[in-house]
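Here is the structure we will look at, set down as structure tokens.
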Amino acid sequence: MQNPREKLLHKSLIFKTVFIFLSAYLISLFLWIQIKDTYGYAMTATASMLVAEVKNVQVEKMWQEKGIVYTRFCRSMRKEDLVIDLACKTSSYTFNVPLTLSIMASLCLFITRRRRACAEAALLLVVVHFIYVFSLEAEHLTEIFMGNGIEAISRLKFFLYQFLWGFTDNMLIRCEPFLIGFYMYTRYNKQDFKKPIPAKIQHR
């Protein structure tokens with residue numbers, strides 16, 4: 001059984017964790033609302049450039065309206081250019097960001113090398129968002145090009161883009177806070193939390 005001091009320490013740790021989590025959530029939610037549109041535009045612009053290289057198209061124009069970033073792709077044809085406008089809603093892949101950041105902050109009580117852990121977690125977050133936007137646009141362009149005879153029909157290629165986007169949307173984005181929290185804890189958890197509490201020795 002735990003002695004009163006151990007119980008007090010555990011209660012204090014729980015209180016600190018909850019306090020940090022709630023405080024970080026409110027702060028990150030407020031800040032995220034301010035920068036969400038800028039982040040979404042930058043993410044879509046970066047992913048669209050790579051999509052343009054992969055699909056042999058040009059990014060002709062980009063604009064943003066009410067949290068939705070629009071990208072106009074142009075493909076040069078013999079008779080006339082093919083112009084395609086694709087929309088990407090920023091909140092579709094970033095709605096879990098405040099929760100993810102608050103979990104990262106609350107885990108700082110239990111991990112070592114906090115700066116590196118948070119940096120790696122933030123990088124993973126950005127990579128997941130990049131894959132979401134890239135696979136979404138690549139899938140739509142592939143479907144349009146194959147439907148118009150611009151690309152040879154390849155069910156495997158279309159399936160790969162579709163699977164990549166579906167897996168990112170349904171698994172990574174929705175489980176993102178817990179996956180990143182799990183990564184941080186398992187990679188950088190303090191050794192003290194691994195060691196079992198030694199049993200008390202009773203003297204007779």
Side-chain angles (χ1 to χ4, degrees), residues 1-44 46-47 66-69 88-136 163-203:
M1 295 180 62
Q2 292 180 337
N3 58 41
R5 184 179 179 183
E6 289 175 344
K7 289 183 179 180
L8 183 62
L9 289 174
H10 285 176
K11 288 182 179 180
S12 176
L13 183 60
I14 293 173
F15 175 78
K16 288 180 180 179
T17 304
V18 174
F19 177 77
I20 292 175
F21 175 83
L22 294 177
S23 300
Y25 184 79
L26 293 176
I27 294 173
S28 60
L29 180 61
F30 174 77
L31 294 177
W32 181 246
I33 292 174
Q34 312 304 316
I35 65 172
K36 180 183 66 174
D37 291 340
T38 303
Y39 176 86
Y41 187 91
M43 179 60 64
T44 305
T46 305
K66 297 180 180 180
I68 301 177
V69 182
C88 184
K89 189 175 182 181
T90 301
S91 60
S92 295
Y93 62 92
T94 64
F95 63 92
N96 268 332
V97 168
L99 178 59
T100 304
L101 296 177
S102 59
I103 289 178
M104 289 168 56
S106 61
L107 282 175
C108 286
L109 292 174
F110 306 95
I111 61 175
T112 59
R113 307 177 72 178
R114 297 171 183 173
R115 291 184 180 180
R116 178 170 178 176
C118 291
E120 289 183 5
L123 179 60
L124 287 174
L125 186 66
V126 171
V127 169
V128 169
H129 293 169
F130 179 85
I131 293 174
Y132 177 92
V133 179
F134 171 82
S135 58
L136 174 66
F163 174 80
L164 182 61
W165 177 79
F167 179 78
T168 305
D169 181 45
N170 294 308
M171 294 296 295
L172 297 183
I173 295 295
R174 300 180 191 280
C175 302
E176 166 191 293
F178 311 104
L179 291 175
I180 290 181
F182 178 78
Y183 171 82
M184 288 180 64
Y185 181 77
T186 54
R187 180 168 169 77
Y188 293 104
N189 62 325
K190 293 180 180 178
Q191 295 297 321
D192 293 342
F193 292 95
K194 292 181 178 181
K195 298 177 182 179
I197 299 175
K200 295 176 63 176
I201 299 176
Q202 297 181 351
H203 300 278

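Positions are given from 1, in the same order as the sequence printed here.
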Closest approach of Cys118 and Met184, non-hydrogen atoms and distance?
SG-CE, 4.2 Å
List in chain and number order the residues that pass side-chain hydrogen bond (donor to acceptor under 3.5 Å, both in side chains) with Arg174, two or more places apart in sequence or in another chain; answer none if no residue qualifies.
none
Should Leu31 and Ile35 count as side-chain neighbours, where that means a heavy-atom distance under 4.5 Å?
no
Answer yes or no: is there a donor N or O on one side and an acceptor on the other, between the side chain of Asn170 and the main chain of Gly166, under 3.5 Å?
yes
CZ (Phe163) with more than 12 external heavy atoms under 6.0 Å
no
Atom OG1 in Thr44, atom OH in Tyr39: separation rounded to 0.5 Å?
9.5 Å
Answer whether the closest heavy-atom distance between the side chains of Arg187 and Arg116 falls below 4.5 Å.
yes
Rounded to the nearest 0.5 Å, what's the gap from OG1 on Thr100 to CG on Leu179? Could you check?
9.5 Å
Rounded distance [0.5 Å steps], CG in Leu172 versus CD1 in Ile131:
7.0 Å
Looking only at heavy atoms, the pair that brings Cys88 and Val133 closest together is SG-CG2, 4.0 Å
Going from CD1 on Ile173 to CZ on Phe95, what distance comes out if it is rounded to the nearest 0.5 angstrom?
7.0 Å
Point-to-point distance, once rounded to the nearest 0.5 Å, from CD1 of Ile20 to CG of Leu107
10.0 Å
Report the distance from atom CG of Leu99 to atom CZ of Phe178, rounding to the nearest 0.5 Å.
5.5 Å
Just jot down the ring-ring contact (aromatic ring centres under 6.0 Å, His included) partners of Tyr93, sequence neighbours excluded, or say none.
His129, Tyr132
Quick one: are Phe134 and Thr46 in side-chain contact, heavy atoms under 4.5 Å?
no
Minimum heavy-atom distance Met104-Ala121, with the two atoms named
CE-CB, 3.7 Å
Check whether any side-chain heavy atom of Pro177 lies under 4.5 Å from a side-chain heavy atom of Ser102, and answer yes or no.
no
Check whether any side-chain heavy atom of Ile103 sits under 4.5 Å from a side-chain heavy atom of Ile180, and report yes or no.
no
Are Met43 and Val126 packed together at the side-chain level, in the sense that at least one heavy-atom pair is separated by less than 4.5 angstrom?
yes
